[in-house]
Amino acid sequence: MISLQNQIVLITGASSGIGTACARVLAGAGAKLILAARRLERLQQLADALNKDFNTEIYLLQLDVRDRAAVESAISSLPSSWSEIDILINNAGLSRGLDKLHEGHFEDWEEMIDTNIKGLLYLTRYVVPGMVKRDRGHVVNIGSIAGHQTYPNGNVYCGTKAAVKAISEGLKQDLLGTSIRVSSVDPGMVETEFSEVRFHGDNERAKKVYQGVTPLTPDDVADVIFFCVTRSPHVNINEIVLMPVDQASATLVNRRS
Ligand code: NDP
Ligand code: 8X3
């Protein structure tokens with residue numbers, strides 16, 4: 001197991017759910033954190049808590065990953081003490097809607113594609129060259145069971161996560177010959193703000209997604225990410241699919257009520 005003490009970790013989507021849990025676990029292990037998301041206030045609250053609990057050094061980035069120029073400027077203007085990123089966690093992502101493809105909404109598709117695919121690509125494109133130069137680094141992409149199995153009405157979201165799976169594989173291939181590691185962590189159902197966002201703030205509908213099941217928690221996923229980034233330097237965890245015991249596939253869920 002390698003130490004994360006003073007390693008610089010950039011986490012996108014750190015203002016909620018899996019990203020926040022990840023920040024907490026990595027802060028506990030002594031990492032220095034660059035926390036990125038659009039909601040700066042949330043990031044500030046998280047930074048205050050981590051600072052209090054772990055004395056963590058934190059740099060905040062208010063960033064919309066869909067904005068390529070903003071991503072380029074954010075990465076290129078990091079202070080020198082923060083610029084040598086050791087671990088990039090491409091976690092920012094979302095689903096919008098659960099509609100038949102032929103009835104889907106263009107703006108939902110564009111938001112998912114721009115965030116889940118293009119945003120992840122922009123971060124990767126601007127951060128990985130520094131890793132290559134230093135011959136050191138690790139990219140962790142958050143995929144999904146949705147990238148392995150398409151489910152009814154999941155169409156475009158599943159397509160974006162299938163793209164993340166392909167991009168993770170491609171990045172690993174293209175980095176062969178370097179010391180940089182690439183992992184994809186692909187959860188099933190995790191209770192976060194994910195469903196509220198999918199249903200555009202319809203909390204009643206969002207709650208029903210987790211009704212009668214014990215879903216994964218964001219901490220469960222953070223624990224797996226921690227495992228990936230702490231293996232010996234010669235070990236690459238390519239892909240981990242994790243699900244609640246109550247879930248057997250993207251569509252097969254055991255509900256007690
Ligand atoms: P949350 O909605 O709780 O968190 C999503 C995070 O992504 C937020 O911090 C949000 O920050 C950030 N984000 C969204 N859009 C952008 C953007 N344009 N620019 C920057 N940040 C953005 O959901 P989860 O924690 O569940 O989601 C995290 C990842 O996990 C996603 O990639 C999701 O697809 C994946 N996933 C989730 C599963 C689940 O069941 N929950 C299962 C499998 C995978 P802000 O709004 O402040 O910008
Ligand atoms: C989130 C899990 O099954 O709702 O990626 O797509 S699922």
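The figures here come from the full heavy-atom set of this structure, side chains too, leaving out hydrogens, waters and symmetry mates.
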Any donor-acceptor pair under 3.5 Å from [X] side chain to [Y] backbone:
X: Thr192; Y: Gly17; result: no
X: Asp220; Y: Thr217; result: yes
X: Asn141; Y: Gly143; result: no
X: Thr178; Y: Leu175; result: yes
X: Ser183; Y: Ile237; result: yes
X: Asp246; Y: Thr214; result: yes
X: Arg198; Y: Gly97; result: yes
X: Arg181; Y: Val235; result: yes
X: Arg255; Y: Gln211; result: yes
X: Ser249; Y: Leu252; result: yes

Minimum heavy-atom distance between [X] and [Y], given as atom pair plus value:
X: Met243; Y: Gln247; answer: SD-O, 3.3 Å
X: Ser81; Y: Ile8; answer: O-CD1, 3.4 Å
X: Ile117; Y: Ala163; answer: CD1-CB, 3.7 Å
X: Val221; Y: Ile18; answer: CG1-CG2, 3.8 Å
X: Tyr122; Y: Val65; answer: CD1-O, 3.3 Å

*Flag yes if more than 12 heavy atoms outside Glu41 fall under 6.0 Å of its CD atom; otherwise flag no.*
no
*Might you work through the side chain to side chain contact (heavy atoms under 4.5 Å, CB included) test for Leu78 and Ile85, ending with a clear yes or no?*
CA-CA 10 Å; Leu78 284 171; Ile85 295 165; 3.8 Å; yes
Is there side-chain contact between [X] and [Y], with heavy atoms separated by less than 4.5 Å?
X: Arg96; Y: Tyr157; result: no
X: Leu50; Y: Asn55; result: no
X: Leu10; Y: Ile89; result: no
X: Ile11; Y: Ile34; result: no
X: Tyr59; Y: Leu33; result: no
X: Asn116; Y: Leu94; result: yes
X: Leu43; Y: Gln62; result: no
X: Asp186; Y: Ile142; result: no

Any carboxylate oxygen within less than 4.0 angstrom of a Lys/Arg side-chain nitrogen, looking at [X] and [Y]?
X: Glu204; Y: Lys207; value: yes
X: Glu193; Y: Arg42; value: yes
X: Glu239; Y: Lys165; value: yes
X: Asp86; Y: Arg134; value: no

*Taking atom CG of Leu46 and atom CG of Leu60, what is their separation to the nearest 0.5 Å?*
8.5 Å
*Judged by modelled atom types alone, do Thr150 and Asn155 share a side-chain donor-acceptor pair under 3.5 Å?*
no
*asked:* Assess, by modelled atom type and distance only, whether the side chains of Ser179 and Asp135 contain a donor and an acceptor separated by less than 3.5 Å.
replied: yes
_By side chain to side chain donor-acceptor pair (under 3.5 Å) - contacts of Asn238 (at least two apart)_ = Asn236
*asked:* Which residues pass the side-chain contact (heavy atoms from CB on, under 4.5 Å) test with Ser77, not counting sequence neighbours?
replied: Ser73
Which side-chain N or O atoms in residues 20-30 pair as donor and acceptor under 3.5 Å with protein atoms at least two apart or in another chain?
unit_1: Thr20; atom_1: OG1; unit_2: Ala14; atom_2: O; d: 2.7
unit_1: Thr20; atom_1: OG1; unit_2: Ser16; atom_2: N; d: 2.9
unit_1: Arg24; atom_1: NH1; unit_2: Asp53; atom_2: OD2; d: 3.2
unit_1: Arg24; atom_1: NH2; unit_2: Asp53; atom_2: OD2; d: 3.1

*Verdict with supporting geometry, Tyr210 and Ser195, side chain to side chain donor-acceptor pair (under 3.5 Å)*: CA-CA 9 Å; Tyr210 311 106; Ser195 294; 2.9 Å; yes
_Pair Phe199 and Phe194, ring centroids less than 6.0 Å apart_ = no
